[in-house]
Each structure stands twice: as C-alpha cells, then as structure tokens.
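As a basis for the values below, the full set of heavy atoms in this structure was taken, side chains included, without hydrogen atoms, waters or symmetry mates.
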Amino acid sequence: MDRAIETEQISRFERLNEWRKEHFSEKMFVLILAFFVGLFSAIAAFILHWIINQIVFLLTSSFNADSSNWLYLVYPVVGIYLTSLFVRYIVKDNISHGITRILYAISSNKSRLKSHNTWSSVIASAITIGFGGSVGAEAPIVLTGSAIGSNLGQLFKMDSRTLMLLVGCGAAGAIAGIFKAPIAGLVFTLEVLMIDMTMTSLLPILVSCVTATCFTYIFSGDAALFTFHLDNDWTVERIPACVLLGIFCGLVSLYFIRAMSFAEGIFARFSGHSYVRLVFGGIILSLLIYLFPALFGEGYNSINLLLNGSTDADWDQILNNSLFAGQSYMLIPYVFLVLLTKVFATSATNGAGGCGGTFAPSLFVGCFAGFFFSHMWNIHEIGVYVPEKNFALMGMAGVMSGVMHAPLTGIFLIAELTGGYSLFLPLMIVSVCSYLTINIFEPHSIYSSRLAKEGKLITHHTDHAVLTLMQLDSVVERDFLSVSPDMELADIVHKISRSRTSVLPVLDAAGNLLGEIDITKIRHIVFRIELYHRFRATQLMQKPAATVSDEQVMADVMKTFERTHADWLPVLDKEKHLKGYISRNRLYMQYRKMVADMSEE
C-alpha cells in the first residue's frame, strides 16, 4: 500500500513537472525557484536566531553582572554534548565546516547537497550556540540556504549548472536574510563561492537576496543586528590610521587562520575518540568562557557595546560577568586577551563536537581588533584622534576581508549592516589593506584552503574552473580488452580486431599493469601470418608514457597529456590495478564543451 501511494505521488509530481515545462520557460522557472529559495532561507535564519535567543535567555537571564558565574563552566559542555548526540544518532553525517562543504559540493559533487542539510545545521548550531558555543550561526544558515536551493533544483531535475546557480541563490539569500544586507549577499556569492556573475545568474541571485531581506524585515521588524550611530565624521587626516588599521587587521587575520588550522590539527588527532574530544574541547571552552564571558555564544552583545560606547563607563560593561568586573584598568588587557583567545574558543567548540561557523567569530575579532588599535592609538596620542567606535566598525570589515579573502563582502556587509555608508571610503581603505596584507602570507581564504590543497577549488579563471568541475570518472574508458603476458601474436591480433582503443594493456593474473601494446607500432607484423606464433605480448609491450591515479585532479591529468603527448593514458586505482583508459581526444572534447557551456549568457 505504501509503495503504491509513493508511486502515485511520484507520478503526480512528474505530471506537474511536465506541466511547468510547457507553461514556463527555463529562465522564468529559475527566477520562481530563486524566490522560494530566498523565502525559505529567511525563514531558516529567523527560526535559528529565535531558538538561540530563547535558549540564551532561559540559561543566563538570572546571571549577576557584577561577578563571575560558575555555570559558564557547565553550559557549553552540555550544549556540545547534546549537539554531538543529535549529529551521531539523528543526522548520522558530518555537518561541520558549512561553507567549505558548499565549495566541495560545487567542485566535486555537481552542486548536490544532502536533503538533511536543509534542517540539520539549524538545529545543531542552535543547540551549540544557545548553550554558549563560541561560534557563529551564519555558516550553518548559508549551508542550509544552499541545501534548500540544491534540493529544490534536484526535485525539478535541473542540470548541474542550474544547481550551482541555485546553491548560490541559497547562500546569497542566507547572508542577505541574516544581516538584512542584499548587496552583501550578492557579493558574498561572487567572492566566497566563486560563482561568476553572468547576466543569466545575476538576476536569480538578486531575486533571492531581495526576497530574503524583505521577509526578514517582515519577521523581525526594522531592528538591525548591530546598531551604530556616527558621532564623529571621517576626515582625510585619518587616512594613515586607516591604512595602519588595515595592515593590523591583515596580520590579525593571518593569526586567525593559522591558529585555527593549528587547533583543528590538534583535534583531528582525536578523530576516532569522540569523548576525548568532548572532554578536551569542553574543558578549554568552559575555562575560556569563565575567564572571558564575552566569548559566550556569538558575542553580538559585546560587539554592540563597542560600537555604541563612547566613554570608559560604556566600554567597561564588556567586563561584566567576569572576574574583572568593575576593574576599569583591565579593559585593554581584557580586550586583547579576548582577541587572542576567540579563535581557540571557536576551534574548541567545533573540535569537541559542536556545530557553527567562523563568520561571526571573524566579525567579533575584527571589532575587538579595531577597538584595541584605536584605543592604543589615542592613549599614546599618535597623530590625530580616532573614534574607537568607528574603528571598531572598520575593524570588522578588515578582519572579515582578510579571513575570507573577500574585501567587497566586508565593505558592503558592514556598510549595510550598520547604515555606515558615511564611512564607506575608510571601510574600503581598511578592507583593501587587510586583503593585500593577508595575501602575502595566505593565498586562500579560511574556507577554501582545504579544497585548494586537494586541487578542488573553483575560481573565476574559466580554464581552472572547468578542469575542477570535470570528473575523472566521466572520461574514463572502461570497455577495454586486455591481454596476458604470454599471449601469442595470433590471439593479440584477434583482440585488436575487437578493441575500441589504440592500446592493449598487458595485465598479470592480479590485474596489475605490466605494460601496453601500441597497435600503431606493430603494424609491420600484424599482417605477417608466419610470425603469429613467434611473438608474445611480453616481447611487444612497452611501458606506458605515464599513468594516472583515479584520485588525481583533472588539471594534473591535462598536464600529463601535454608532457607526454600520449593519446591514451592508463588510470590506476589505489591498489595500482588498471581501472580503465582516458583518451586525449575525449578529454579535450568534454573540456571544450564545458567551456562553451560556461561561456553562454
């Protein structure tokens, strides 16, 4: 009965799909899907932040601001433990590193994300962050939005190119919805996900961004995530300070990326021991949050304090709930220590089994870095006075630009987020200087570095993007005939008459490649019947010009063809067994087709 109902439902959907193909053009339908992707992304973002706020209020509303609270030692560990149970027994899949998973799906999985990604990250990150995990909700929401786009596209049997566009719509809609920043959502997709903005793709992403932003306003009103009021206009005399702040933010970004990689490497050693990771990471996170309560959760309250404060009394509120509450002289050391430890709190949260991203931590660190820089500048009276709140805002753009290698996203997000368009020029100066500084040391962002090491990173360079998107399996010729080492020429000629390739691999009994017979090089003997029992395969074979691993990236395969000038190359698996052959002609034919497809408007 259940199978019959399921079959009927599939049949109805197929009829619906056929009806939509008759009544809507492909471009129009993609715009409709982009609208719903934006809507669902906004709903997911609203639900996630609502759950986080409810949990935080429930757990911390009774805390005394004038003293430390021992429950900071307990809540984060409980949250991470609950998250790990949810992931292990309900999701049963890895949902960490949200944006990296999107990049991987685009480059290696034809933009296909699993259906559980449309909801699993929302629940897992809400538990983690609500209980104090020092991570951000943005990356999980971006993964959720992208998964919504991918699964809607798969539902309507869209091709890989359209799926990639819908993944971009989901990511852009998520950023636009979270921050009420449509332009930042659009630019984020361009810079971070590396989806090119042709005229065909620009409009759907804009539709998703605007839709998500509008519905977020409907759900949550006009209130901005961060509040900022410009009290001190920017002047040309502050250009040197802005340039130095940008360089400082670039160096902080370098510290952020390197420290994050170091910490992740430590937790990776305990990959098979989940309880060891929980205890180790939980102890580190709890102690850090107990000492520096500003590290609790996303830290947006602390950001707002620095963006809106103008006196020591205002800034001293950062010390609330800590061991240093009421000790004004500890403000700058506290800010500096929080700046340094945030990355380890974030790594400990994810390493112990929590779920969250580095988007919010980069904003947090940037705000503290900007405040620290400007406060030290003013204390030592270095040149013209610089407003701390303005430089805290610019620091957010600077560190985000450096960590993500996305200066435009940093500029537009902070400008839209705070209405700080009057600081647009200094935001540009700081973001560009930060990006140029980090680029000296790190060629890839914190999200893309893992894929770049594997050669699976999509870039705006068309040739490289096409080679990254090409799958080796799609061009491997598996229908080949092989010969044994002692096979006589008579039997080899019979094989040649049925072969679809110009080479015959010589394999031993275990399937290992001993050599290959190039048909074009034995023409002088194949028609001489008197030689049919004189030659064997071992006498006619030669070593292949090169071999290809089935795990190699297509860029390396292409270089191998160029280096050897071979027409066919054998593909070997991990055990060095012959998997098939790859044809130079077939490879270039598919390459040219994909270049043409990507170039279409």
Side-chain angles (χ1 to χ4, degrees), residues 108 110 160 454-456 463-464 466-597:
S108 303
K110 298 181 180 179
S160 297
E454 300 176 16
K456 297 177 180 178
D463 289 345
H464 184 275
V466 168
L467 290 175
T468 304
L469 289 170
M470 287 180 68
Q471 301 294 314
L472 184 63
D473 277 349
S474 67
V475 290
V476 172
E477 177 64 61
R478 292 178 173 80
D479 186 15
F480 62 89
L481 297 175
S482 63
V483 300
S484 60
D486 59 348
M487 183 176 287
E488 293 185 338
L489 178 59
D491 296 322
I492 293 174
V493 171
H494 184 64
K495 290 271 189 179
I496 290 173
S497 66
R498 295 185 291 119
S499 176
R500 297 176 58 182
T501 64
S502 62
V503 291
L504 291 176
V506 182
L507 307 180
D508 62 15
N512 297 310
L513 182 67
L514 303 177
E516 60 185 21
I517 299 174
D518 188 338
I519 297 173
T520 62
K521 294 182 179 179
I522 61 171
R523 290 174 179 169
H524 61 290
I525 62 173
V526 293
F527 298 111
R528 297 181 61 180
I529 300 176
E530 69 274 14
L531 302 177
Y532 276 16
H533 298 289
R534 183 178 299 180
F535 289 99
R536 296 182 182 274
T538 51
Q539 298 170 279
L540 302 174
M541 73 181 188
Q542 59 186 17
K543 289 185 65 175
T547 60
V548 174
S549 167
D550 62 353
E551 295 182 342
Q552 263 185 278
V553 296
M554 292 304 295
D556 290 341
V557 174
M558 190 75 82
K559 289 177 183 176
T560 304
F561 271 114
E562 292 175 356
R563 174 171 53 83
T564 61
H565 303 288
D567 293 322
W568 294 85
L569 287 175
V571 180
L572 308 181
D573 61 17
K574 292 180 180 179
E575 287 75 32
K576 303 301 180 182
H577 296 155
L578 183 64
K579 189 173 183 178
Y581 270 85
I582 182 170
S583 164
R584 180 190 186 97
N585 289 337
R586 184 176 178 184
L587 175 64
Y588 276 83
M589 188 181 303
Q590 182 166 335
Y591 169 80
R592 287 192 291 269
K593 182 180 182 301
M594 291 184 67
V595 169
D597 289 343

Exercise. Has the side chain of Arg536 got a donor or acceptor atom that lies under 3.5 Å from a matching backbone atom of Asp486?
Worked result: yes

Exercise. Once you round to the nearest 0.5 Å, how far does OG of Ser484 lie from NZ of Lys495?
Worked result: 8.0 Å

Exercise. Looking at side-chain heavy atoms only, is the closest gap between Phe561 and Ile582 below 4.5 Å?
Worked result: yes

Problem set entry | Heavy-atom pair of closest approach, residues Leu514 and Leu507 | CD1-C, 4.3 Å

Seminar exercise, completed: Looking only at heavy atoms, the pair that brings Ala546 and Leu569 closest together is O-CD2, 3.4 Å

For this session: Quick one: pull up CD in Gln539 and CG in Leu489 and give me the separation to the nearest 0.5 Å.
Result: 9.5 Å

For this session: Taking the side chain as every heavy atom from C-beta outward, state whether Glu516 and Leu504 have any atom pair closer than 4.5 Å.
Result: no

Problem set entry | Distance (rounded to the nearest 0.5 Å) between Met487 CE and Met541 CE | 13.5 Å

Exercise. Would you say the side chain of Asp518 lies within less than 4.5 Å of the side chain of Gln542, judging by non-hydrogen atoms?
Worked result: yes

Exercise. Side chains of Val571 and Leu578: does their closest heavy-atom pair fall under 4.5 Å?
Worked result: no

Seminar exercise, completed: Shortest non-hydrogen pair, Pro544 vs Pro570, comes out as CB-CG, 3.9 Å

Exercise. Would you say Val503 and Tyr581 make side-chain contact, with heavy atoms under 4.5 Å?
Worked result: yes

For this session: Taking atom NE2 of His577 as the centre, report whether more than 12 heavy atoms of other residues, nucleotides or ligands fall under 6.0 Å from it.
Result: yes

Seminar exercise, completed: NZ of Lys579 to NZ of Lys574, rounded to nearest 0.5 Å, is 10.0 Å

Exercise. Quick one: does Ile492's side chain get under 4.5 Å of Ile517's, heavy atoms only?
Worked result: yes

Exercise. Are side-chain heavy atoms of Ile525 and Leu540 found at a separation under 4.5 Å?
Worked result: yes

